[in-house]
Enquirer: 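Got a structure for you, written out below as structure tokens; questions coming shortly.
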Amino acid sequence: MLDIRRIRSDLDAVRDALARRGESAAELDRVHELDARQRRLFVDRDEARSRVRALSKEVATLNREGRAEEAAAPQEESRCLGRTEKRLAEEAATVGEEIRSLLLRIPNLPHPEVPDGDGEADNPVVEVVGYDPDGYGAHQRVPHWEVGEALGILDNGRAAKIAGSMFTMQRGAGATMARALCQLALDRNADAFEEVRPPTLVTSATLTATGQLPKFADDAYHIERDDLWCVPTAEVPLTSVARGEILDEAALPMRLMACTPCYRREAGAAGRDTRGMLRSHEFDKVEIFAYATPEQSPALLEDLLARAVGLIDLLGLAHRVVEICAGDLGQSHHRSLDVEVYAPGCDRWLEVSSVSWFADYQARRADVRYRPAGGKGTEVVHTLNGSALAVPRVWAAILETHRRPDGSVAVPEPLHPYMRGITEIR
RNA sequence: GGAGAGGUGCCGGAGUCUGGUUGAUCGGGCUUCCCUGCUAAGGAAGUGACGGGGCAACUCGUCCGUGGGUUCAAAUCCCACCCUCUCCGCCA
């Protein structure tokens with residue numbers, strides 16, 4: 001959520017920044033207008049309240065001095081003021097609710113360096129590593145769903161029997177490799193990140209802090225009976241770890257990581273990418289996350305990206321980095337970069353990580369602040385996160401990239417320690 | 001799920017029965033200063049967040065789990081909900 005004070009003092013700049021995303025200013029202007037109204041109401045309300053307090057003290061004094069009969073007049077005046085105050089307070093609250101619900105829907109401002117663009121097609125490729133379109137043999141040009149089924153390690157037919165379409169099931173060495181990927185990702189980041197195993201069913205407040213609610217409720221699984229939501233990513237619980245807290249600057253950056261299942265309804269994607277492991281309602285992912293000061297954030301963004309890219313590199317997969325343009329930026333994102341892995345069997349670039357800087361947008365929703373060392377007062381922290389490794393698409397790219405002419409798949413060496421001795425799948 | 005106890009400031013812990021100058025006694029912690037060769041001990045002062053108004057000094061308001069209600073006035077009385085603890089039940 002944007003800082004209301006910034007909207008108040010710098011409306012034009014905010015409007016221009018939103019325009020870069022292709023966002024209309026209607027809601028913004030409405031917030032600006034409501035804010036002025038609410039502040040006028042506050043002034044009047046506070047004045048009435050202050051007077052009530054003074055009158056109450058007067059009554060108390062009169063009672064104490066045994067002159068209770070003289071208290072009738074101030075009591076009556078106070079009663080009257082109380083009604084005025086209540087009406088003003090209710091009106092201010094109504095306005096406040098409208099402001100909040102608008103603010104929750106207005107997206108974040110893009111970082112000045114975010115490239116212009118209207119959509120995905122305008123996202124500039126920043127870097128390409130290990131990709132040679134002519135360097136793949138026929139044995140690698142087989143989609144992973146065929147490879148997986150042939151090797152008996154992917155059984156989506158039975159997954160559908162168990163849970164319906166758009167679920168996947170890995171078996172044998174395939175399941176082992178899925179877990180090994182998580183272990184590798186955690187171990188590689190344990191140098192700087194505290195491992196957390198958070199709840200993956202969360203309250204509406206938690207899902208609102210990161211931006212999924214209220215606007216994207218259809219994308220998440222909701223357990224109505226208990227009013228809990230299945231997390232779409234560990235970003236959701238991790239961002240709420242310090243919700244409502246004030247951190248010491250010395251504690252920043254606070255780096256957390258978590259391996260969790262991720263649940264997505266894929267409401268807008270029905271019928272898309274239905275084969276294999278490209279898109280499913282449930283998958284495992286290792287997320288890396290940080291609370292930081294504004295000054296620490298740019299370097300952290302680079303570090304998160306380097307860590308995500310480093311893992312893909314380690315697994316011997318061709319990949320590229322794409323910067324998300326203003327028009328394609330997610331609602332909460334201030335700046336964002338995607339890592340895409342090349343899958344030769346599908347002949348597609350698959351998004352396997354999204355590394356993002358949210359500035360104070362999520363932290364203001366979550367009310368996470370810090371006390372600047374030496375300074376007074378508090379500041380809203382910045383949050384950043386990225387997928388260290390999202391299992392399914394990496395798993396798919398491994399099957400396609402490391403398939404050998406004889407149809408077997410070589411397990412990348414960094415996974416061996418976690419594979420119970422399995423070094424190839426045949 | 002049932003029964004009971006409880007949620008107060010950075011922490012501990014009063015105040016709630018008997019509503020009233022209580023943003024809140026007291027202790028600890030922390031910060032600054034004084035004393036001290038150093039340490040320990042001691043002395044003094046300070047010590048929250050949020051919102052509004054004001055060029056500013058400053059000032060007004062809100063916050064005692066959350067949300068309502070009663071009252072001139074609520075940490076204190078009433079209602080609902082949430083959370084924690086103990087016991088029982090259930091359970092990996």
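Here the structure is a predicted model, which is why all the values come from computation and not from measurement. Each chain gets a letter, A, B and so on, in the order the sequences are listed, and its residues count up from 1.
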Enquirer: B/U25 pairs with which nucleotide, Watson-Crick or G-U wobble, both distances below 3.5 Å?
Expert: none
Enquirer: Does atom CZ of A/Arg6 have more than 12 heavy-atom neighbours from other groups under 6.0 Å away?
Expert: no
Enquirer: Given B/A73, is OP1 or OP2 found less than 4.0 Å from the side-chain N or O atoms of A/Arg49?
Expert: no
Enquirer: Counting Watson-Crick and G-U wobble pairs only, both distances under 3.5 Å, name the nucleotide matched with B/G46, or none.
Expert: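 In the structure as shown, B/G46 has B/C30 as its Watson-Crick or wobble partner.
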Enquirer: Rounding to a whole Å, what distance do you find between A/Leu103:CG and B/G51:C1'?
Expert: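 Distance check: A/Leu103 CG to B/G51 C1' gives 15 Å.
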Enquirer: Can you tell me, in whole Å, how much space there is between the C1' of B/A92 and that of B/A5?
Expert: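 B/A92 and B/A5 have their C1' atoms separated by 29 Å.
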Enquirer: If we take the C1' atom in both B/U25 and B/G9, what is their distance in whole Å?
Expert: 13 Å
Enquirer: May I have the distance from A/Asp367 (atom CG) to B/C63 (atom P), rounded to whole angstrom?
Expert: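 Distance check: A/Asp367 CG to B/C63 P gives 17 Å.
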Enquirer: Checking all strands, does A/Ser56 fall into the base, sugar-phosphate, or nothing category for heavy-atom contacts under 4.0 angstrom?
Expert: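 Answer is base: heavy atoms of A/Ser56 come under 4.0 Å of a base.
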Enquirer: Distance from A/Glu287 atom CD to A/Met257 atom CE, nearest 0.5 Å?
Expert: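 One gets 12.0 Å once the value is rounded to the nearest 0.5 Å.
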Enquirer: Please lay out, stage by stage, how A/His281 and A/Tyr263 fare under the test ring pair (Phe, Tyr, Trp, His ring centres under 6.0 Å).
Expert: CA-CA 5 Å; A/His281 289 312; A/Tyr263 298 95; 9.8 Å; no
Enquirer: Under 4.0 Å between any heavy atoms, over every strand shown, what does A/Arg5 touch: base, sugar-phosphate, or nothing? Just pick one.
Expert: sugar-phosphate
Enquirer: Is A/Thr378 near enough to B/A49 that one of its side-chain N or O atoms lies under 4.0 angstrom from OP1 or OP2?
Expert: no
Enquirer: Please figure out whether A/Gln75 or A/Phe42 has its closest RNA chain B nucleotide nearer the 5' end.
Expert: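 It is A/Phe42 whose nearest nucleotide is closer to the 5' end.
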Enquirer: Round to the nearest Å and state the distance from A/Asp44 atom CG to B/G51 atom C1'.
Expert: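 Taking atom C1' of B/G51 as the reference, CG of A/Asp44 is at 15 Å.
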Enquirer: Checking base pairs now: Watson-Crick or wobble, both atom distances under 3.5 Å. What partners B/C38?
Expert: none
Enquirer: May I ask which nucleotide in the shown strands pairs with B/A92, Watson-Crick or G-U wobble, both distances under 3.5 Å?
Expert: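 None - no nucleotide pairs with B/A92, as no candidate has both distances under 3.5 Å.
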Enquirer: Rounded to whole angstrom units, what separation is found between the CZ atom of A/Arg369 and the C1' atom of B/A49?
Expert: 6 Å
Enquirer: Taking donor-acceptor contacts at under 3.5 Å, does the side chain of A/Asn63 reach the base of B/G20?
Expert: yes
Enquirer: Where do A/Tyr291 and A/Ala242 come nearest, in terms of heavy atoms and distance?
Expert: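 Heavy atoms only, the tightest pair is OH-N, 2.9 Å.
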Enquirer: Distance check, C1' atoms only: B/C10 and B/A49, in whole angstrom units.
Expert: 12 Å
Enquirer: By nearest nucleotide on RNA chain B, pick out whichever of A/Gly82 and A/Glu47 is the more 5' one.
Expert: A/Glu47
Enquirer: Could you please name the partner base of B/U86, counting Watson-Crick and G-U wobble pairs only when both distances are under 3.5 Å?
Expert: B/A3
Enquirer: Does A/Val43 reach a base, just sugar-phosphate, or nothing at all? Heavy atoms under 4.0 Å.
Expert: sugar-phosphate
Enquirer: Establish, with yes or no, whether the OP1 or OP2 oxygen of B/G51 is under 4.0 angstrom from a side-chain nitrogen or oxygen of A/Arg39.
Expert: no
Enquirer: What are the two closest non-hydrogen atoms of A/Met1 and A/Arg100, and how far apart are they?
Expert: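 Looking at all heavy atoms of both residues, the shortest contact is CE-NH1, 3.7 Å.
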Enquirer: If we ignore angles and hydrogens, is there a donor and acceptor under 3.5 Å between the side chains of A/Ser408 and A/Glu424?
Expert: no
Enquirer: Side-chain N or O of A/Lys86 less than 4.0 angstrom from OP1 or OP2 on B/G69?
Expert: yes
Enquirer: Applying a 4.0 Å non-hydrogen cut-off, can you work out what A/Arg40 is touching in the nucleic acid: base, sugar-phosphate, or nothing?
Expert: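 Result for A/Arg40 = nothing.
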Enquirer: Between P on B/C72 and CD on A/Glu85, what's the gap in Å once rounded to a whole number?
Expert: 13 Å
Enquirer: Using the P atoms only, state how far B/C78 lies from B/G20, rounded to an integer number of Å.
Expert: 15 Å
Enquirer: Between B/A49, B/U21, B/C60, which one does the side chain of A/Lys57 approach most closely?
Expert: B/U21
Enquirer: May I ask which nucleotide in the shown strands pairs with B/U16, Watson-Crick or G-U wobble, both distances under 3.5 Å?
Expert: none
Enquirer: Nearest whole angstrom, please: distance from the P of B/C81 to the CG of A/Asp226.
Expert: 16 Å
Enquirer: Starting from P on B/C60, measure out to CG on A/Leu81 and report it in whole angstrom.
Expert: 17 Å
Enquirer: When rounded to the nearest Å, what value does the distance between C1' atoms of B/A14 and B/C50 take?
Expert: 26 Å
Enquirer: Could you tell me if A/Ser354 and A/Asp338 have a donor-acceptor pair between their side chains, going purely by distance under 3.5 Å?
Expert: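 The answer is yes; a qualifying pair exists.
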Enquirer: When rounded to the nearest Å, what value does the distance between P atoms of B/G19 and B/A80 take?
Expert: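 Pairwise P distance, B/G19 against B/A80, rounds to 22 Å.
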Enquirer: For atom C1', what is the distance between B/C55 and B/A41, given to the nearest Å?
Expert: 49 Å
Enquirer: Which value, rounded to the nearest 0.5 Å, describes the distance between A/Asp284 atom CG and A/Gln170 atom CD?
Expert: 8.5 Å
Enquirer: Any base atoms under 4.0 Å from A/Thr61, or only sugar-phosphate, or nothing? Heavy atoms, all strands.
Expert: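 A/Thr61: no heavy atom of the nucleic acid under 4.0 Å.
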Enquirer: Quick check on B/C30: is either OP1 or OP2 less than 4.0 Å from any side-chain nitrogen or oxygen of A/Arg371?
Expert: no
Enquirer: Provide the distance between the two P atoms, one in B/C79 and one in B/C91, to the nearest whole Å.
Expert: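 My reading of the P atoms in B/C79 and B/C91 gives 35 Å.
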Enquirer: Between A/Arg225 (CZ) and B/G1 (C1'), how many Å, whole number?
Expert: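 So the two atoms are 12 Å apart, to the nearest Å.
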Enquirer: B/U62 phosphate, OP1 or OP2: any side-chain N/O from A/Arg53 under 4.0 angstrom?
Expert: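 Yes, within the criterion.
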